[in-house]
Amino acid sequence: MNSFSNSQLIEDKRYLELLSHSFPNISSAATEIINLQAILNLPKGTEHFLSDLHGEFTAFTHILKNASGVIRRKVDDIFGMNLRKSDKDQLCSLIYYPAEKIALVKNSEKDIDDWFRTMLFQVVAVARFVASKYTHSKVRKQMPDEFAYVIEELLFEKSEEEDKQGYYSAIINSIVEIGRAEQLIIAICELIHRLVIDTLHIVGDVYDRGPGACGIMETLCNYHDFDIQWGNHDISWMGAAAGNWALIANVVRISIRYANVETLEEGYSINLLPLATFALDTYGNDTCDVFQTCEFEENSRMSRSRQLMAKMHKAISIIQFKLEGQIISRHPEFNMENHKLLHLIDFDNNTIKIDDKVYSLTDNNFPTIDPKNPYKLSVEEEQLMLQLYHSFTHSEKLQKHLRCLYSHGSLFLVRNNTLLYHAAIPMNNDGSFKEVEIQGYKYKGKQLMERFDQIVRTAYFADLGSQEKNSALDYMWYLWCGPDSPLYNKDKMTTFERYFIDDELVAKEIKGAYYELANSKSTCDFILSEFGLEPEKSRIINGHIPVRTIKGESPMRAEGRRLVIDGGFSKPYHKTTGIAGYTLIYNSHGLQLIQHEAFESKERAIKEGSDIHSRVQLEEFKYNRMRVKDTDQGRQLQTQINNLRKLLCAYRSGILKEME
């Protein structure tokens, strides 16, 4: 028992008085100390790390439900040879999708009550196994109120003891007889989902490419414990939702480019009819060949004709280039003059001059561009942007998801000896941190990340129309595509060049020094030290750049100091990476990097018990199992214990009076 001097206790008396409201006497304080000490010695909770989901809701949901293959491995451990593979497939299918699986079985099973009894015994066995590393109180908090008592009895009673077998079986039989087996199985399966992943880390880029970003965000906003390190695509959507016109145009452009307007229209109720009307009026006779929507498979998401989508694509792209030019003119400190190209167009000769070289344009129809003032919106374009601005800033669901991104998100996170950030830390070629000017001051390294994080929050929370908010909104655009943005960090984003110039060299985007330097152990050690971590015990976890496994690239960089876990969740990247994503799992035994193949369908998973085929690419097990006391949470709990010990001393020394 720690002893504290009376002078220490008197100095902390005000805080101890506040603490005494929760623990009014020696008994309650002592009980809490015992409880917290016990928690410190439990195995560390399991953390899952995912990156670059890019709207792939179906695959993301399945990975949450199967815990990246962990549930299947636990089923194998529990039942071994006692169940056939087909039976284990069906049990896993039930755990992943209980309501849908039960509905399917009820149509074919002759003795549904017997099936319910069998499945209840099996799912309880799995739930008991995954609950074993937690305190009863933590497990109890995850249970639905309706079934808490019954689940608690099933999980914590020892059914294998002879005198308890009858009691245990009686509970199961009673549940089946009164017709509550279906609801109870669903509740237990959902409990398994909550227990098998203690904390979920999303290392950026929920949005763009795939159609399900809205569904992913809805899942995350209701998830029991998650955080997100914003990616550049997330920042683009956050800036759009906060009212940045250039990012609104960018979000709409990318959504159309990937035939993903359903996220906008159905997910977030963004009205694109004004854009369609404007595009038809402005580009009615234009074939807009270079603006055809990208289709990577037989696409059922095209709610409009390809020609109309191409016209809408071109219309919003031209608006985006104008709005970006306006931002660059307002902020010379961005050093992005090479991003402004409209004033370089020779409208008479259908060419553009970039860096003393003249290029022919693939499209020469620019009815809304005034050569004398190319970055000014036409009256019709401005009216359209006002309508889109209203849709984005008044979308109830988008604003809900934006608040969720702010409350659970950050530009970087330090947690349990890992440093998480989406893309990069701007660096010079010599390996030093690069200084970046922001609003008249220079920042680098950790301070730069902290300053940008603050600006992201200012863009949303500052007073509407204030200079502070408007400037922060412009910086949101810089974070999307700026050369020294930690979310992008390339010399320029060559969107205009890819559309209008048929030359791959001019469209090349040169990566910042970080991307090569961070493949060395010494650089990663330098970065980890900057963020207060011990390099020998710590790792950097990134996403952003897809790992081309198909070409032999490894997600493990810098002798294992850095893990790049962008394995290409998004379908457009599958051909590039050769796989369909990674999950990094960090549990009490150590690290596992899981490599996933493409997910076939939820329907097949329910009907046939098919699963995402995953294999372990990295296993790094610790000789001594990690305990809660070895984690950040453990250090917080130890602080609480120390304060409670002070409270005990204050009671025993008479400095504070016990209450009933």
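Because only heavy atoms are used, hydrogens play no part in the values below, and waters and symmetry mates are left out as well, while side chains stay in.
With N271 contributing its side chain and L273 its backbone, the two residues share a donor-acceptor pair below 3.5 Å. Q399 places a side-chain N or O within donor-acceptor distance of the main-chain N or O of A241, the cut-off being under 3.5 Å. Of the possible polar contacts, none joining the N260 side chain to the I256 backbone as a donor-acceptor pair under 3.5 Å is found.
The pair K492-E497 meets the salt-bridge criterion, with a side-chain N (NZ, NE, NH1 or NH2) lying under 4.0 Å from an Asp/Glu carboxylate O. Salt-bridge formation is not detected for the pair K469/D463: no Lys NZ or Arg NE/NH1/NH2 atom is positioned less than 4.0 Å from an Asp or Glu carboxylate oxygen. For the pair K340 and E324, the salt-bridge criterion is not met [side-chain N within less than 4.0 Å of a carboxylate O]. Under a 4.0 Å N-O distance rule, the pair R548/E553 qualifies as a salt bridge. The pair K314-D286 meets the salt-bridge criterion, with a side-chain N (NZ, NE, NH1 or NH2) lying under 4.0 Å from an Asp/Glu carboxylate O.
Using modelled atom types, one finds no donor on one side chain facing an acceptor on the other under 3.5 Å when comparing R457 with Q454. Between T351 and N349, the side chains place no donor N or O within less than 3.5 Å of an acceptor N or O (distance only, hydrogens not considered). Side-chain contact of S236 with N250: a donor-acceptor pair under 3.5 Å is present, judged by distance alone. Judged by distance alone, the side chains of S471 and D474 never bring a donor and an acceptor atom under 3.5 Å apart. No donor-acceptor contact under 3.5 angstrom links the side chains of E468 and N470, judged on distance only. At a cut-off of 3.5 Å, with distance as the only test, a side-chain donor of N519 or R562 sits close to an acceptor on the other residue. Under the 3.5 Å distance criterion, with hydrogens and angles disregarded, no donor-acceptor pair is assigned to the side chains of W230 and D205.
For the side-chain hydrogen bond (donor to acceptor under 3.5 Å, both in side chains) test with Q292, the passing option among Q307, H313, R257 is Q307; the others fail.
Below 30°, between 30° and 60°, or above 60°: for F526 and F433 the angle between ring planes is below 30°, a parallel geometry.
With values rounded to the nearest 0.5 angstrom, S485 atom OG is found 6.0 Å from F452 atom CZ. Note that CG of N244 is 12.5 Å distant from OG1 of T393, once rounded to the nearest 0.5 Å. Separation of atoms NE2 (H422) and CD1 (I541) is listed at 14.0 Å; rounding is to 0.5 Å.
Residues H331 and Y475 place their aromatic rings such that the two centres sit under 6.0 Å apart. Between H408 and F226, the ring center distance clears the sub-6.0 Å criterion. A centroid separation of 6.0 Å or more is found between the aromatic rings of H48 and H201. Ring centers of Y375 and F321: at least 6.0 Å apart, outside the cut-off. Aromatic ring centres of Y283 and F366 lie farther apart than the 6.0 Å criterion allows. For H233 and W480, the distance between ring centers is under 6.0 angstrom. Between H339 and W477, the ring center distance clears the sub-6.0 Å criterion.
In plain terms, the two heavy atoms of G267 and C214 that are nearest each other are O-SG, 3.6 Å. Closest heavy-atom contact between A459 and M476: CB-CG, 3.6 Å.
Residues meeting the side-chain contact (heavy atoms from CB on, under 4.5 Å) test with K490, sequence neighbours left out: Y488, E509, K511.
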